[in-house]
Amino acid sequence: MAVKEKILLSFFLIAVFINFLGPIVDPDFPFHLKTGEYIYQHREIPQDDPFSFYGEGVFTDREKFTLSQYWIAQIIFYKLYSLLGPTGIILLRAIIFSAFIFLLWVVLRKRGFYSSLIIAFLMTIMLQSSKVDRPQFFSFLFMVILILLLERFRENPESKTPLYFIPPLMLLWANMHAGFVFGIAVISIYALSEGFKLVINKSGFGCPLEKKHALLLFVVAFMSILFSYLNPDFNGQLLATLESHTDASWLYKDNREYISPVKEMSIHFGNRPSVSIFFFIFGFISIVTVLNAIRTRSMDITAIFLIIFSSIAAFTAVRYIPFFVAVALPLSKNYRFFADTDFLRKFRNSAIPFVALLIFFVFAIVFGLRDYKGIFSIDKSHYPEGVANFLSSNHIEANIFNQFNKGSYLLWKLYPDYKVFNDTRFISLEAVIDTDAIAYTLQDYKQPLNLGLANALSALVPEELGTIKVSDKEYKYKPLWEKLLEQHNINLIVHEACSQFTKELYPITLRLLKDDKWALIYLDGKMLIFVRNIEKYSAIVKKFRLPKELIYDEIILETVPLVSKKVPISTTYSSLAFALMMKGKDEDARKMIDAALALDKNDLVAHFCNAYLALRRNAQEKSSASKGK
């Protein structure tokens with residue numbers, strides 16, 4: 001390797017590593033950390049969820065899967081965090097992702113130095129959306145290693161050594177992340193495709209292995225699958241993988257990890273740069289595969305089947321894109337179709353590509369260090385630290401109701417003093433359903449969520465103004481959401497005023513505004529805390545009680561950051577309009593109403609605000625008229 005290539009490679013590797021650093025922001029990381037702590041301290045995998053009270057004593061396959069699937073990775077997280085704090089986790093993430101990119105670059109390097117660096121760095125940019133601190137990044141790396149081992153054996157079947165590493169790899173993988181199911185699929189496709197080639201034994205389908213080598217591959221494939229079942233959950237991983245597309249698909253339909261790349265491009269908060277690069281790499285691999293088939297007048301069905309399989313997975317959900325890259329790139333074979341043309345030869349030998357890439361990698365390094373002060377920290381803006389500190393300092397003996405998105409952080413910081421109702425593990429599907437029922441203050445399970453919001457809004461209209469009727473149906477029994485709070489003995493509600501991404505108003509907050517049975521005791525621009533106003537908590541209420549009108553300020557604090565970014569989500573503007581209107585700032589509210597309706601003419605809260613303002617205007621006109629008389 002020439003000196004300038006060594007220099008360029010060094011800057012490339014530094015740029016890759018630095019761009020995989022950055023603060024911890026993932027909502028799932030806290031529960032992995034806490035579970036690792038529990039397993040390490042108790043020297044056992046929990047058999048029943050210790051961190052939430054909803055499903056206590058109820059054992060399901062989903063619970064077993066969630067509690068036991070990641071145990072080795074979780075212990076690694078816990079020990080690294082104990083020794084080095086957030087720095088240890090962030091360095092681990094950067095090392096794993098950098099190793100993933102480097103191994104793929106090694107494969108690409110055979111097909112051109114400069115082009116390999118460009119493609120490898122494009123993958124670095126693409127994987128920024130997957131830069132989360134979860135056991136899944138081990139799966140990405142293991143997938144590349146598995147493909148390289150299998151390909152090394154296919155290239156030189158006489159050297160059996162690569163195959164011997166596969167069973168222990170699968171054993172480790174199966175105890176770290178459910179992505180090993182993808183590995184089982186790849187191994188099975190390899191074995192079946194090579195067996196098919198051996199039976200057909202016709203040119204045009206790729207060079208078949210000799211019978212003895214194929215037999216060895218079958219044995220290793222069987223042993224690898226067998227080893228992968230040596231884990232605490234046995235068959236649960238496969239069931240959980242299928243669940244996201246079958247029985248519990250409703251749970252995953254709005255989860256960004258499970259939406260298709262096409263849908264990801266269409267939503268405002270979708271990661272368009274990453275998905276755009278995926279489409280480019282997919283197109284590149286497809287073209288290369290077709291050109292190679294035309295050039296050689298044959299196609300390797302093993303490679304074709306694996307590329308098709310990984311492509312289908314990637315187009316099904318963005319979470320599988322790294323697996324697609326790990327599988328398809330090493331199998332795309334040689335693409336140096338025009339590498340020997342005079343123009344390209346002269347271009348490669350000139351200083352232009354070296355200087356251009358060097359400047360680009362230096363820029364990438366500077367870009368990766370732009371927030372260098374927080375690069376080895378936890379980004380506390382993504383977590384409810386204030387709520388956790390308040391509850392830790394003022395222990396309130398009560399069951400908590402909370403939304404799932406903040407539950408993992410709360411269980412990390414508050415267990416064993418508190419247990420959560422719900423968290424990002426979705427360990428109980430019933431808890432997810434009941435969380436919506438409470439948060440949207442539903443009368444029964446069949447009531448639509450938007451009707452729960454509409455009813456909560458209409459209940460805020462003062463009698464002297466009139467009414468904003470939403471539904472003709474009248475309920476004479478206690479609503480479901482109140483029954484659930486009583487059923488689960490919930491005396492503490494820790495909740496946001498608005499939803500995380502859309503900033504749609506949560507009906508539970510609106511209901512508690514006028515409910516004297518609940519006292520507001522904390523808010524911080526991210527979350528609120530309500531405690532049941534009973535004798536047991538009288539001291540807490542007396543010490544911390546806040547005027548409930550401050551909830552309008554909370555809504556403003558939660559929505560303004562997105563409004564200032566001019567996000568094209570109507571509910572962000574309509575929620576802000578509601579809060580401004582209730583504070584008497586009608587002109588500012590009307591501007592937000594217009595902005596909301598410009599984005600969505602059916603925005604429910606915007607229409608409510610218009611109706612409320614009309615009622616208030618009519619009341620003011622009547623009052624003025626009566627005074628005139």
Side-chain angles (χ1 to χ4, degrees), residues 34 48-58 384-423 427-428 430-445 452 456 459 477-497 506-524 526-551 554:
K34 195 65 178 180
D48 190 21
D49 182 20
F51 308 123
S52 64
F53 64 84
Y54 185 98
E56 211 166 2
V58 179
E385 184 186 28
V387 162
N389 289 340
F390 179 86
L391 292 175
S392 295
S393 302
N394 305 281
H395 181 66
I396 305 171
E397 188 178 339
N399 285 343
I400 294 176
F401 171 72
N402 64 281
Q403 269 295 332
F404 72 92
N405 58 315
K406 299 299 191 293
S408 293
Y409 187 85
L410 293 176
L411 71 84
W412 175 40
K413 286 295 186 178
L414 300 179
Y415 178 83
D417 293 331
Y418 299 88
K419 292 187 177 185
V420 298
F421 187 86
N422 195 10
D423 58 83
I427 204 163
S428 166
E430 291 76 14
V432 176
I433 295 169
D434 284 354
T435 298
D436 279 349
I438 296 172
Y440 288 90
T441 60
L442 302 184
Q443 296 285 340
D444 54 52
Y445 285 118
Y477 50 83
K478 181 176 288 188
L480 173 65
W481 68 277
E482 289 187 5
K483 290 179 182 177
L484 289 172
L485 291 175
E486 293 177 2
Q487 176 185 328
H488 297 292
N489 194 28
I490 291 170
N491 292 321
L492 203 59
I493 294 177
V494 180
H495 215 275
E496 304 93 321
Y506 273 122
I508 183 70
T509 307
L510 306 181
R511 292 288 190 180
L512 299 185
L513 253 168
K514 301 295 183 181
D515 192 339
D516 292 334
K517 295 192 296 292
W518 292 89
L520 175 67
I521 59 172
Y522 178 89
L523 52 79
D524 61 5
K526 294 180 183 178
M527 299 189 78
L528 313 103
I529 300 178
F530 296 90
V531 66
R532 199 179 286 273
N533 193 8
I534 56 177
E535 179 62 29
K536 181 178 180 180
Y537 306 113
S538 58
I540 289 289
V541 171
K542 183 178 180 180
K543 184 176 181 180
F544 295 108
R545 188 169 200 158
L546 298 170
K548 286 190 177 178
E549 289 72 21
L550 289 176
I551 290 174
E554 174 71 22

Results of salt bridge (Lys or Arg N to Asp or Glu O under 4.0 Å) for Lys514 - residues two or more places apart only:
none
Exercise: do Tyr415 and Asp417 side chains pair donor with acceptor under 3.5 Å
no
Under the side-chain contact (heavy atoms from CB on, under 4.5 Å) test, residues paired with Leu550 that sit two or more places apart
Leu523, Leu546, Pro547, Asp553
I'd like to know whether the aromatic ring centres of Tyr440 and Tyr506 sit less than 6.0 Å apart in this structure.
yes
Measure from the ring center of Phe544 to the ring center of Phe390 and say whether it is less than 6.0 Å.
yes
Taking Arg532 for the side chain and Ile490 for the main chain, is one N or O donor matched with an acceptor at less than 3.5 Å?
yes
Distance col, row Lys517:NZ vs Asn533:CG, nearest 0.5 angstrom, shows 10.5 Å
Tell me yes or no: between the side chains of Asn389 and Ser392, is some donor less than 3.5 Å from an acceptor?
no
Before accepting this row, confirm whether a basic side-chain N of the pair Glu385/Lys413 lies closer than 4.0 Å to the acidic partner's carboxylate O.
no
Please check if any side-chain donor atom of Asp434 sits under 3.5 Å from a side-chain acceptor atom of Tyr445, or the reverse.
yes
Is there a side-chain contact between Phe421 and Ile400 (heavy atoms, below 4.5 Å)?
no
Is the distance between the ring centroids of His395 and Tyr418 less than 6.0 Å?
yes
If we check side chain to side chain contact (heavy atoms under 4.5 Å, CB included) with Phe401, which of these qualifies: Thr435, Val420, Leu484?
Thr435
Does a donor on one side chain sit under 3.5 Å from an acceptor on the other, for Glu496 and Asn405?
yes
Answer yes when Lys526 and Glu554 have at least one side-chain N-carboxylate O distance shorter than 4.0 Å, and no when they do not.
no
Against Ile438, only a single residue in Ile508, Asn422, Ile493 fulfils side chain to side chain contact (heavy atoms under 4.5 Å, CB included); can you say which?
Ile508
